[in-house]
Amino acid sequence: MNPFLFTNIGSLVRAHPSGGQGDLGVIADAAMAVERGRIAWVGTSRAVPHEYETWDRVDLQQKMVVPGLIDCHTHLAFGGWRADEFEQRLLGVSYQEIARAGGGILSTVRATRGASADELLARAERVLCEMSTLGVTTVECKSGYGLDLESEIKTLKVYASLAQRSPLTLVPTFLGAHTVPLEYRERREEYLSLVVDRMLPEVVERNLARFCDVFVEGVAFTREEGRRVLTAAQKLGLRAKIHADQMSDGGGALLASELGAVSADHLEYISPEGRDAMARAGVVAVALPFATLYTRGIPLRARELVAAGVRVAVATDFNPGTAPSFHLPFAINLACTLYGLTPSEAVKGATYYAACALGMQDEIGSLEPGKSADFAIIDAPDVNHWVYYLRANSCIATFKNGKKIYSTEPFDGVSDS
Ligand SMILES: [Zn+2]
């Protein structure tokens with residue numbers, strides 16, 4: 001693609017690293033130069049350097065530009081759905097009761113084991129395509145619905161194939177310790193050995209994951225078990241993530257801090273000690289409001305995390321049980337309406353801090369010279385209005401590495417990917 005100068009940008013949301021959770025570094029009446037897939041320059045329209053004056057121009061007619069959204073926590077590929085459990089939960093059956101009766105994650109495990117790699121890939125690819133229309137350009141994706149060597153590898157290989165085919169960046173995470181599968185219910189020690197001694201080395205050997213995640217919760221794994229899996233993963237070069245303190249205070253936030261995990265996710269039941277430990281250790285908190293909404297659980301006390309100096313990312317947790325939506329802009333809205341973040345804080349959570357939750361903040365997540373030209377054009381005057389006015393879709397174009405991968409308008413002269 002030729003170098004381009006985007007002009008007449010109403011609000012350019014840099015989501016820069018400096019400042020706190022709510023500091024987006026917005027530039028009003030801005031311009032942005034893009035060359036060879038990277039951002040060359042950003043600033044006000046009046047300050048465009050002479051060297052960019054001759055570049056092809058795209059007039060954005062006062063639209064807003066934001067960094068490409070980053071969904072830093074999804075369970076992208078799975079078989080089946082769980083709409084029947086949705087009804088049961090509404091009738092008063094708890095998530096834990098459903099899980100103990102062999103439903104919940106285990107029913108998705110059955111469906112995922114039964115699905116072919118091609119089926120998983122086709123469905124996940126459609127989801128990625130729809131995500132891109134919402135302004136999403138990077139997606140973390142977990143295994144954890146296979147729970148045997150073959151099916152975990154199958155899922156992670158689907159992600160590797162998708163990474164080749166999709167214009168989006170996929171970031172794979174191994175979640176073999178999502179729950180104990182049914183056949184190991186009375187032999188959980190053996191299952192942990194399978195994860196640590198067989199699955200992890202094979203995943204690393206085949207270079208199929210960047211992170212290892214564990215569900216530390218009463219219905220899944222204890223803190224000690226989580227420590228065992230994540231310590232083994234770290235020795236093999238994977239970075240740690242934890243599903244932590246979602247339905248009870250299981251010490252997940254403390255474990256994440258102790259191990260130097262890159263993120264701890266959920267955290268509705270985080271203790272004050274866990275919160276302070278995360279702030280000290282620099283662990284990113286990933287807020288997952290769809291899960292709160294669908295389980296009708298207590299909301300994350302996001303304001304307390306921000307006040308304690310914890311960086312809060314926002315993601316969808318897209319999965320067939322507790323978060324059957326990949327609509328990240330809606331999750332940003334819920335991070336405000338359910339959790340009390342401001343729109344600016346929530347947007348930083350789905351851009352720069354989401355990049356931090358993936359250890360990719362030097363490459364993506366903010367609009368700064370040298371970074372990937374991943375951005376979305378939003379039909380809104382500013383961040384507050386975008387997040388507050390909950391339209392079906394405010395995104396009118398998505399660019400990945402400087403290439404247009406979705407748009408509702410021609411943007412004459414800008415080549416497609
Ligand atoms: Zn999750």
Side-chain angles (χ1 to χ4, degrees), residues 70-82 85-86 89 95-96 98-99 103-109 112 124 127 131 136 138-147 152 155-156 159 170-180 209-221 226 229-230 239-248 250 252-253 255-256 261-270 283-295 297 300 312-328 331 334-335 338-339 349-350 354 357-358:
I70 299 168
D71 199 339
C72 66
H73 182 139
T74 84
H75 305 254
L76 178 66
F78 52 83
W81 290 97
R82 281 160 36 203
E85 289 175 17
F86 176 56
R89 287 203 308 270
Y95 180 90
Q96 288 92 334
I98 290 171
I105 291 171
L106 291 177
S107 79
T108 300
V109 169
T112 304
V127 169
M131 284 175 153
V136 175
T138 298
V139 179
E140 187 262 10
C141 42
K142 301 176 196 295
S143 68
Y145 291 129
L147 305 187
E152 285 294 298
T155 306
L156 290 170
Y159 294 149
L170 269 74
V171 184
T173 295
F174 170 62
L175 178 57
H178 198 186
T179 193
V180 179
R210 204 179 296 183
F211 296 96
C212 180
D213 195 341
V214 175
F215 189 13
V216 174
E217 187 59 63
V219 294
F221 295 96
V229 172
L230 293 175
R239 297 187 73 185
K241 287 176 162 288
I242 302 184
H243 281 67
D245 305 332
Q246 182 186 4
M247 297 159 199
S248 59
L255 180 62
V262 65
S263 74
D265 304 35
H266 286 292
L267 301 171
E268 284 86 335
Y269 286 85
I270 188 173
V283 180
V284 178
V286 179
L288 301 166
F290 280 127
T292 300
L293 189 69
Y294 275 81
T295 60
L300 176 70
V312 180
V314 176
T316 63
D317 194 17
F318 176 56
N319 76 69
T322 55
S325 175
F326 50 80
H327 201 301
L328 186 52
L334 290 171
L338 276 184
Y339 292 169
L358 298 178

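Whatever order the structure lists them in is the order used to number ligands and atoms, beginning at 1.
Taking 2.8 Å as the threshold, D317 counts as a candidate ligand of the Zn ion (ligand 1), since one of its N, O or S atoms lies below it. H243 lies close to the Zn ion (ligand 1), since one of its N, O or S atoms is found at a distance under 2.8 Å.
When atom types are taken as modelled, the side chain of E268 and the backbone of L300 share no donor-acceptor pair closer than 3.5 angstrom.
Here the Zn ion (ligand 1) is the vertex; the NE2 atom in H75 and the NE2 atom in H73 give an angle of 100° (to 10°).
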TODO: Starting from the C-alpha separation in whole Å, work towards a yes-or-no answer on side chain to side chain donor-acceptor pair (under 3.5 Å) for E217 and S248.
DONE: CA-CA 7 Å; E217 187 59 63; S248 59; 2.6 Å; yes

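If you check the side chains of D317 and H73, you find a donor sitting under 3.5 Å from an acceptor.
When side chains are defined from C-beta on, V229 does not count as touching F221, because their heavy atoms never get closer than 4.5 Å.
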